[in-house]
Amino acid sequence: MPELPEVETIVRGLASCILNKVIAHVDVNLPRMVTPAPPLFEAMLRGQTLRACERRAKYIVFTLDHGYQLIVHLRMTGRFMYAQADDAAPPYSHVHFRFTDGTQLFFADTRTFGRMRIVEPDEAWAAGLGVEPLSPEFTVNALHALCKGRTTPIKTFLLDQRHIAGIGNIYACEALWQARIAPSTPAGNLKPAARAALHAALQDVLERAIHMRGTSARDYVDAEGLKGGFQNVLTVYGRHGQACPRPRCGGSIERSVLAQRGTWWCRRCQR
DNA sequence: AGGCGTACCTGAGGGC
DNA sequence: TGCCCTCAGGTACGCC
């Protein structure tokens, strides 16, 4: 389901709903989703206050009183749902939190790929993640250094979270279209102008998507059940056979497969 | 080291 | 109607 803009939207919504609430009770219905295994997982959360709710890449990071953190990855269909005291559990609810004021937080996930993990205060759980694409550290020069010498297709490179962390299939396709770069171009072969265009396109696409509260291509809704709006302005993702939206291009969007992922692009203006 | 294929799951949608 | 196939916003792991 979610890439950086969707996770950012979820985190902002959660922060407004649950910050400083005290966890009264936790129930895990699908043990393989959580680490450590229940019942320790529940015990480590019970009685804790949620002191922070932040995003790193596509991860949601809750900081607890005792300094441990709860790290959540939604993978494809994971979803947080904030609910009032007497609301029933949604379908596919696998982890249930109840706060001392009676309100609830459900973690629902149709495909059950989502994962939650409690990490120690000084644990380097994010050590393998690349740079945040909207941070000051992500400069054109930084992008150059990361791409240098790589033969892997630029789209595959963008999806690799060890280099830049937070971009997924939708925004990789959209940014490459905006920068007029063919998805199969070897990352190390990008000319300086193309690298600069890609850098600008990535930041622009991600910022616009956050502003529109993410993309609801199929399932995605935020913690309050609201859909995003970016699906209404997608240029290429999922638009196989349609005309390229670039003025006077005249090409049409095709779908190919790169790194086992659907890839939408315009052969005419992306080179 | 880096790139590729497969595995993990369920549901939606298209073709026949 | 219903069966069968493909596809889906992601990552981990094993193999070369």
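First the proteins, then the strands, lettered A, B, ... as listed; each starts at 1.
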J.: When Watson-Crick pairs (N1 to N3 and N6-O4 or O6-N4) and G-U wobble pairs (N1-O2 and O6-N3) count only below 3.5 Å on both distances, what is the dot-bracket string of DNA chain B, with | for other-strand pairs?
T.: .|||||||.|||||||
J.: Could I get the full list of ring-ring contact (aromatic ring centres under 6.0 Å, His included) partners for A:His240, not counting sequence neighbours?
T.: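 Applying ring-ring contact (aromatic ring centres under 6.0 Å, His included) to A:His240 gives none.
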J.: Applying ring-ring contact (aromatic ring centres under 6.0 Å, His included), name anything that partners A:Phe97, two or more places apart in sequence or on another chain.
T.: none
J.: Considering only residues two or more places apart or on different chains, which pairs with a residue in residues 89-104 of chain A satisfy salt bridge (charged side-chain N to carboxylate O under 4.0 Å, His left out)?
T.: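 Every salt bridge (charged side-chain N to carboxylate O under 4.0 Å, His left out) pair that includes a residue of residues 89-104 of chain A, provided the two are not neighbours, is A:Lys21-A:Asp101.
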J.: Hydrophobic cluster mates of A:Trp125, side-chain heavy atoms under 4.5 angstrom, ILVMFWY only, any path?
T.: A:Tyr59, A:Val61, A:Ile71, A:Val119, A:Leu129
J.: Does anything in residues 142-161 of chain A reach DNA chain B, meaning a heavy atom under 4.0 Å, and if so which residues?
T.: A:Arg150, A:Thr151, A:Thr152
J.: Please state how far atom CG in A:Asp109 lies from atom P in C:dG10, giving the value in whole angstrom units.
T.: 13 Å
J.: Measuring only the P atom in each nucleotide, how far is B:dC9 from C:dC3? A whole number of Å is fine.
T.: 24 Å
J.: Scan residues 161-171 of chain A for pairs that pass side-chain hydrogen bond (donor to acceptor under 3.5 Å, both in side chains), counting only residues two or more places apart or in two chains.
T.: A:Glu6-A:Tyr171, A:Lys155-A:Asn169, A:Asp160-A:Arg162, A:Tyr171-A:Thr215
J.: For DNA chain C, find the residues of residues 255-263 of chain A with a heavy-atom distance under 4.0 Å and give them by number; none if there aren't any.
T.: A:Arg255, A:Arg261, A:Gly262
J.: Listed by chain and number, what are the ring-ring contact (aromatic ring centres under 6.0 Å, His included) partners of A:Phe106, not counting sequence neighbours?
T.: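 Only A:His96 meet the ring-ring contact (aromatic ring centres under 6.0 Å, His included) criterion with A:Phe106.
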J.: What donor-acceptor contacts under 3.5 angstrom involve side-chain atoms of residues 199-209 of chain A, with partners at least two apart or in another chain?
T.:
residue  : atom : partner  : partner atom : Å
A:His199 : NE2  : A:Phe138 : O            : 2.7
A:Gln203 : NE2  : A:Pro133 : O            : 2.8
A:Asp204 : OD2  : A:Gln178 : NE2          : 2.8
A:Asp204 : OD2  : A:Arg208 : NE           : 2.9
A:Asp204 : OD2  : A:Arg208 : NH2          : 3.4
A:Arg208 : NH2  : A:Gln178 : OE1          : 3.0

J.: Any pair with a residue in residues 242-270 of chain A that passes ring pair (Phe, Tyr, Trp, His ring centres under 6.0 Å), sequence neighbours left out, goes on the list, sorted by first then second residue, please.
T.: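 Qualifying pairs: A:Tyr237-A:Trp264.
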J.: Could I get the full list of ring-ring contact (aromatic ring centres under 6.0 Å, His included) partners for A:Trp177, not counting sequence neighbours?
T.: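 Checked A:Trp177 against ring-ring contact (aromatic ring centres under 6.0 Å, His included); zero matches.
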